[in-house]
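Below, all heavy atoms of this structure are taken into account, side chains as well, without hydrogens, waters or symmetry copies. First the proteins, then the strands, lettered A, B, ... as listed; each starts at 1.
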Amino acid sequence: MPELPEVEIFKQVADSCRGGIINHVSIADPAILDGISAKDLEQRLKGQRVRSTRRRGKHLFLELSGGGTLAMHFGMNGSLKRVSEGEPDPSYARLQIYFEKGDRLAYINPRRLGRVGLAENAEAFIAKTELGPDVLDATFDSHSFAAILAGSKRDIKSVLMDQALMAGIGNIYSDEILFQARLFPGTVANQLKGKKATCLYRAMRKTLETAINSGAGSERGVERLPKEFLLTQRRPGGRCPHCGAPLETVKHAGRTSYYCPRCQAN
DNA sequence: TTAAGTGTTGCTCT
DNA sequence: AAGAGCAACACTTA
């Protein structure tokens with residue numbers, strides 16, 4: 001679930017904790033830590049404040065008042081929740097940041113495929129991880145997007161999901177974006193030039209923005225998406241919201257793509 | 001009961 | 001060098 005729209009919602013959750021002084025940190029599962037021990041992380045966080053938050057693709061950064069940035073990734077599932085004092089721990093809360101006021105921020109990660117680490121700053125983490133530009137960043141315009149497509153002979157679905165080329169899109173939203181753009185997932189990227197590339201770029205931005213505004217990542221997020229979204233039907237037996245044809249699936253690199261065989265012509 | 005499937009990423013092998 | 005296969009993990013579905 002956590003692709004760009006969901007992580008953007010988690011960012012808003014983290015923002016609501018800005019300014020609070022961290023009293024202590026509880027790490028229920030050190031396996032989700034990346035490159036730092038539980039003890040060191042607690043030492044580094046204690047007494048600090050979350051000064052600001054940033055997002056790049058599917059990564060969330062909590063920038064600390066005294067330097068250092070907590071870098072979070074949510075894996076194939078996972079979320080961030082603000083928990084009030086006295087409320088029980090959410091299931092699968094692997095790490096919790098307790099604030100002096102009593103509330104806390106819970107990093108939830110059932111499958112333990114996500115990671116939390118401490119970097120000097122977001123830029124350093126981004127460079128090390130080789131993350132491409134965030135697809136919703138204002139500087140990532142249709143020309144930058146078209147240039148990436150022109151430089152790849154791979155299928156468009158893989159290119160959209162390649163975090164080193166552009167960051168934020170995963171299996172779910174790439175299906176939705178290609179559906180909105182009426183493109184077959186196996187279309188070769190460098191065949192999408194000019195108007196076609198621009199059309200796909202606009203579909204990408206609009207789809208992600210719509211998902212964020214629909215409260216993606218909150219509970220029942222999919223049901224709150226517009227009914228013309230493929231995602232509302234993205235399951236075995238689902239039908240195209242546009243023409244009613246049964247959806248079909250193809251596999252690329254082990255990932256299942258859903259598409260409408262009539263609206264997304266090969 | 002068991003096995004296969006799943007929203008991600010990163011490694012290995014070709 | 002790009003792309004396939006698989007492993008990491010926990011849970012759900014067939």
Taking the minimum atom-to-atom distance to the side chain of [X], which one of [options] wins?
X: Gln163(A); options: dT9(B), dA10(C), dT8(B); value: dT9(B)
X: Arg154(A); options: dA2(C), dA10(C), dT8(B); value: dA2(C)
X: Lys251(A); options: dT6(B), dG7(B), dA10(C); value: dT6(B)

Salt-bridge criterion met for [X] and [Y] (N-O under 4.0 Å):
X: Arg44(A); Y: Asp40(A); value: no
X: Asp175(A); Y: Lys157(A); value: yes
X: Lys58(A); Y: Glu3(A); value: no

Work out which heavy atom in Glu176(A) is nearest to a heavy atom in Thr207(A); give both atom names and the distance. CG-CG2, 3.4 Å
Looking at every strand, decide which applies to Arg234(A) at a 4.0 Å heavy-atom threshold: base, sugar-phosphate, or nothing. sugar-phosphate
Scan Ser158(A) against the nucleic acid and name what it touches under 4.0 Å (heavy atoms): base, sugar-phosphate only, or nothing. nothing
What stem regions, each of at least 3 consecutive Watson-Crick or G-U pairs below 3.5 Å, can be found for DNA chain C? B:2-6 with C:10-14, B:8-14 with C:2-8
What interatomic distance, in whole Å, is found between P of dG5(C) and the corresponding atom of dA4(B)?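 Each nucleotide's P atom is 16 Å from the other's.
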Expressed as a whole number of Å, how far does the P atom of dT1(B) sit from that of dC9(C)? 24 Å
Hydrophobic clusters join Ile, Leu, Val, Met, Phe, Trp and Tyr when side-chain heavy atoms are under 4.5 Å apart, directly or via other members; which others share one with Leu131(A)? Phe61(A), Phe125(A), Ile126(A)
Separation of Leu208(A) CG from Leu136(A) CG (nearest 0.5 Å):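 Result: 5.0 Å between the selected atoms.
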Residues in contact with DNA chain C, drawn from residues 111-121 of chain A - heavy-atom cutoff 4.0 Å: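 Heavy-atom contacts with DNA chain C come from Arg111(A), Arg112(A), Leu113(A).
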